[in-house]
There are 2 protein chains.
Amino acid sequence: MKTEKISDAVVRRLPVYLRFLNELSRREVPTVSSQELGQKLDLNPAQIRKDLAYFGDFGRKGIGYDVPYLIEKIRQILNLDQQINVALIGAGNLGQALSNYNAYVKDNMKIVAVFDSSPAKIGTMINNIEIQPIEELIETVKKKNIRIGIITVPDVEAQRVADQLIEAGIGAILNFAPIIIKAPAEVRVHAADFTTDLMSLAYYLDGGKETTNDDSKMAD
Amino acid sequence: MKTEKISDAVVRRLPVYLRFLNELSRREVPTVSSQELGQKLDLNPAQIRKDLAYFGDFGRKGIGYDVPYLIEKIRQILNLDQQINVALIGAGNLGQALSNYNAYVKDNMKIVAVFDSSPAKIGTMINNIEIQPIEELIETVKKKNIRIGIITVPDVEAQRVADQLIEAGIGAILNFAPIIIKAPAEVRVHAADFTTDLMSLAYYLDGGKETTNDDSKMAD
DNA sequence: TAGATTGTTAATCGATTAACAATC
DNA sequence: TAGATTGTTAATCGATTAACAATC
């Protein structure tokens, strides 16, 4: 175990490991090697061993990793050995879809408050949570010990919402709006805008030009 | 302009540039420097210049980049100068939310088919598109020249759906299911599972341990 | 014991940043 | 012209992979 600081690339792989380990656990597989993990997750086994070794000696030479033990350790590393309260800001289509995902709950992440600016929505229930006006954001985040905010408001409102989350002392933000959120260094922000992802995928298409490849016009 | 192969990191930044350039265009800003872009997008100006220079000499020394021209060029690079047909597989909450986003349309990406395995949903309309049974996936992808598939089915079905997309000759896949999709090298797959993202954010919280910081026990 | 697999160091590979000549 | 800013090379930084001694 070292005391270097851990890169974001490493941290982002931990949930991927955890996810698959949970599946192994469900199937009651007792141990797993970096080899097997790498195969299943399309990663280099050395990288997996190195990632895990940043945090401790979790494996056993000649054997591999004990599945339940490694699950426990990764959950500790990710702070998921305690409930993490999450706020959702923006109860539109996407926000509603996310709130319905209760996948987080088993991972100890729970949406405990939902906010929206539309008067029509305020007071209505979404997944057993009453939608609150954004004016109550700061107070509620403090009162309910909310650590992460998920932003699903339109882009023009996103930075304003982020500023309020930051003022309320949020720890991290998952931003679905298609803008770059500005935040102080101590507040981690991840971009989750899938339209950006989708556009980058288009790059890898060969342009659909197979059928329209008319070279005769390219003589100038 | 070089003929090196372009890294995914570069490709993923292009839509971010495009997004902001579109905003500048709306505000009728005629030119922009790498300096300004970097400031707004939290990126190093040298990196932006380098990214763009992979594809051509788009800027003018002493001036910067012409906004409309750069927009046109990036759209060409991303194949977004033509309509890209997209299929959505999985008409659950998330799928419905994504289908309602018509942000893609202005970027020339259009969902032209939606599939689901639930008999109750088949035949119903979602955003003006009739939900089809998954059995029709392969045929429809071919017939409608669909290039990208968005997978929003439950994890146990995701690989099966991907296999069918691949069989139908899809170019790229955006996968929202929390599993690693296996695909041949020529089919690009991006992971878009936000629960993974959310879990990695939890790492950056200081564990809610601010109040439990009892140094007296650390003397060993 | 023999085979397997870790943890870790060293080697490699790739991406970011600094610096600056070219030039608008 | 003087100031600004690109495109590009070189320097730096960081992440991935290979290799292997340690050991179960």
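Chain A is the first sequence line, chain B the second, and so forth, proteins listed ahead of strands; every chain is numbered from 1. Computed from a predicted structure; not experimentally measured. Just the heavy atoms: all of them, side chains too, but no hydrogens, waters or symmetry mates, feed the values below.
For Arg27(A) and Glu23(A), the salt-bridge test passes: some basic side-chain N is under 4.0 Å from an acidic carboxylate O. Between Asp57(B) and Lys73(B) no salt bridge is recorded (no basic side-chain N to carboxylate O distance below 4.0 Å).
Residue Pro178(A) comes nearest to Asp155(A) through the heavy atom pair CD-CB, 3.8 Å, listed as atom of the first residue, atom of the second, then distance. Nearest heavy-atom pair across Ala177(A) and Ala158(A) is CB-CB, 3.6 Å.
When Watson-Crick and G-U wobble pairs are counted only if both distances are under 3.5 Å, dC20(C) pairs with dG7(D). Across every strand in view, dC13(D) sits in a pair with dG14(C) that passes the Watson-Crick or G-U test at under 3.5 angstrom.
Within the structure, every side-chain polar atom (N or O) of Ser34(A) is placed at least 4.0 Å from both OP1 and OP2 of dT5(C). Here Ser7(A) reaches the OP1 or OP2 of dA15(D): one of its side-chain N or O atoms lies under 4.0 Å away.
Across all strands, Arg49(B) comes closer than 4.0 Å to base atoms (heavy-atom distances).
If you measure from atom CD of Gln47(A) to atom C1' of dT6(C), you get 16 Å, rounded to the nearest angstrom. Put simply, OH on Tyr65(B) is 12 Å from P on dT5(D), counting in whole angstrom units. In this structure, Arg13(B) atom CZ and dT16(C) atom C1' are separated by 8 Å, rounded to whole Å. Residue Lys50(A) contributes atom NZ, which lies 12 Å from atom C1' of dA11(C) at whole-angstrom precision. When rounded to the nearest whole Å, the span between CG of Asp57(A) and P of dT8(C) equals 5 Å. Between Phe55(B) atom CZ and dG7(D) atom P the separation is 13 Å, expressed in whole Å.
Of the two residues near DNA chain C, Gly62(A) and Asp51(A), the one whose nearest nucleotide lies more 5' is Gly62(A).
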